[in-house]
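Presented below is the structure to which this report refers.
Every number for a ligand or one of its atoms is a count from 1 in the order of the listing.
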Amino acid sequence: MAPTKVSKICCIGAGYVGGPTCAVIALKCPHIQVTIVDLNKSRIDAWNTPDFKLPIYEPGLEDVVRQCRGRNLFFSTDVDKGIQEADLIFVSVNTPTKKSGVGAGFAADLKYVESATRQIAAVATSSKIVVEKSTVPCRTAESMRTILEANSKPNCRFDILSNPEFLAEGTAINDLFKPDRVLIGSLQTEEGKEACEKLKEVYANWVDPTRILTVGLWSSELTKLAANAMLAQRISSINALSAICEATGANIDEVAYSIGFDSRIGPKFLKASVGFGGSCFQKDILNLVYLSESLHLKEVAEYWRQVVEMNEYQKRRFSKRVVDTLFNTITGKNIAVLGFAFKADTGDTRESASITLIRDFLKERANVSIYDPQVPHEQIWQDLEEACGDMGIEEIKSSVTLRPTALDATQCADALVIATEWKEFREGIDWQTVYDGMNKPAFVFDGRLILGLEEAERLRRIGFKVTVIGRGNGM
Ligand SMILES: NC(=O)c1ccc[n+]([C@@H]2O[C@H](COP(=O)([O-])OP(=O)(O)OC[C@H]3O[C@@H](n4cnc5c(N)ncnc54)[C@H](O)[C@@H]3O)[C@@H](O)[C@H]2O)c1
Ligand SMILES: O=c1ccn([C@@H]2O[C@H](COP(=O)(O)OP(=O)(O)O[C@H]3O[C@H](CO)[C@@H](O)[C@H](O)[C@H]3O)[C@@H](O)[C@H]2O)c(=O)[nH]1
């Protein structure tokens with residue numbers, strides 16, 4: 001039987017989801033002991049640093065960890081002990097897109113989920129509620145159950161729940177404090193519903209019960225993929241419209257604003273950009289495409305695939321616009337790229353549009369200087385080495401420099417490209433000083449719509465040639 005009340009939680013995976021999610025559970029549930037375990041020692045060491053230099057940059061996270069670490073929140077590499085002690089285990093490991101074999105490039109690689117599940121089965125000596133926190137294809141819980149039941153010891157019972165996470169990076173703590181909803185999927189059996197109630201009780205310590213949704217296991221798994229697909233679809237839709245705006249004189253900000261007033265559509269997630277990035281959208285849509293294909297739903301697969309295609313097109317279109325505007329060549333020219341993270345308020349660079357743009361600029365043999373307020377330099381080199389394939393790191397380093405400030409990055413630049421919407425780019429740039437230090441003509445490319453119509457006009461008066469995504473030249 002499942003334990004009567006959850007008192008010890010273990011989270012396998014101390015990443016962007018496991019770390020913040022379980023730190024918030026520890027904060028809001030002081031009566032529950034929460035241990036976050038990971039095989040990656042340096043990551044665990046970083047969570048445990050005395051000066052709270054955490055492995056993840058996320059506003060508000062340090063404050064939460066400071067309040068609970070050592071009280072009822074622990075970080076450890078002892079995965080087995082964490083599993084054995086807990087009565088509820090979150091599996092919050094990475095589920096990247098498969099790189100080889102069947103489904104390569106589309107399907108989710110479930111090897112980490114499987115090894116965590118096998119580990120639970122191997123070392124558990126009492127019954128557990130096992131919660132899928134990772135984003136997984138529909139019916140993964142079934143495979144987990146098969147593995148657990150085939151390997152468990154007598155008197156060990158496992159109830160599996162799906163509890164996908166909807167936090168967005170950069171706003172994770174706020175999203176966790178005040179979630180739009182918490183979704184829990186369970187088998188509709190008596191035991192399944194009982195396990196669901198136990199997890200619900202944990203969240204009910206701070207989440208309004210009307211926002212805790214309980215559904216069937218498969219619906220819960222599919223909801224996560226569907227939510228991301230629909231969010232990404234909005235961005236691809238607005239980005240597709242941005243191309244029409246650039247060609248017609250319409251202004252994408254005005255179009256988005258006016259569409260968003262329709263209460264059926266709403267104003268959020270309609271910001272045109274140089275393309276969506278992040279570890280989830282592309283991966284989860286490709287996962288949905290693969291699922292549809294496996295179910296022989298070709299048209300459905302094609303439909304969702306187009307959301308990713310449009311995103312690739314948007315990035316290509318933007319780098320081409322830079323080349324076209326700089327008189328059809330950027331060879332030997334200096335391009336300053338402001339922002340390397342996939343969005344503001346995170347140090348995460350996974351699938352960042354910035355990486356694709358810089359790769360395109362390097363292919364055109366431009367010199368690139370980069371500034372980002374949060375991304376560690378080693379991460380930038382690693383991402384560029386991976387993205388640039390045929391270029392070795394030495395060749396990349398001969399064309400790329402990493403700068404300590406935005407102003408430094410723009411010195412002697414022919415063009416400045418805004419790739420991430422950091423607040424300091426919206427509010428903290430002294431454009432006259434930037435202009436004075438740049439080669440002339442000095443070009444600005446705003447891939448994040450941080451320059452409104454008036455601001456763009458002000459820059460033009462200084463002397464800049466300004467190009468903004470979703471607006472025609474001169475707007
Ligand atoms: N990043 C997000 O904003 C976000 C939001 C919602 C959902 N998700 C989903 O949550 C899951 C985790 O994402 P993430 O961004 O936290 O990934 P991550 O790569 O930051 O963290 C995963 C961690 O799991 C650890 N790990 C893997 N296998 C392990 C094992 N067998 N035992 C112990 N540790 C193990 C890895 O070392 C890594 O530190 C993914 O499925 C992702 O799609 C992510
Ligand atoms: O109007 C918009 C909104 C976002 N973006 C871009 O879209 C990407 C993703 O942004 P966001 O969704 O805010 O961040 P993520 O951390 O990737 O969060 C998404 O992916 C997570 C992982 O699955 C989910 O949990 C979240 O609900 C979902 O929003 C970023 O590059 C943004 O710059 C736009 O271009 N325009």
At under 4.0 Å between heavy atoms, what of K268 touches ligand 2? The answer is neither
### ligand 1 N/O within reach of R43 N/O, cut-off under 3.5 Å
yes
Below the 3.5 angstrom mark, is there an N/O of R350, backbone or side chain, next to an N/O of ligand 1?
yes
Contact region, R448 to ligand 2, non-hydrogen atoms below 4.0 Å, reads side chain
Atom 30 (C) of ligand 1 has as its nearest protein heavy atom L39 CD1, 3.5 Å
Within the 4.0 Å heavy-atom cut-off, what T135 brings close to ligand 2 is neither
Closest to atom 35 (O) of ligand 2 (heavy atoms only, candidates G275, S352, S273, A353) is S273
Logged contact type for P164 with ligand 1, heavy-atom cut-off 4.0 Å, is neither
Can you find an N/O atom of E169 closer than 3.5 Å to an N/O atom of ligand 1? yes
Short version for L167: what comes under 4.0 Å of ligand 2, heavy atoms counted, is backbone
Would you please determine whether K224 falls within less than 4.0 Å of ligand 2 on a heavy-atom basis? yes
Among non-hydrogen protein atoms, atom 43 (O) of ligand 1 lies closest to K283 NZ, 2.6 Å
Can you find a non-hydrogen atom of Q119 under 4.0 Å from ligand 1?
no
Of L225, N228, T135, N40, the one whose closest heavy atom lies nearest atom 7 (C) of ligand 1 is T135
| query | Does ligand 2 have an atom that lies less than 4.0 angstrom from a heavy atom of I235? | reply | yes
Checking heavy atoms under 4.0 Å, the part of A172 that sits near ligand 1 is neither
Logged contact type for K111 with ligand 1, heavy-atom cut-off 4.0 Å, is neither
The option among D38, V93, N287 carrying the non-hydrogen atom nearest to atom 25 (C) of ligand 1 is D38
Nearest non-hydrogen contact to atom 18 (O) of ligand 2 from the set A168, G447, A419 belongs to A168
The answer for which part of L167 has a heavy atom under 4.0 Å from ligand 1 is both
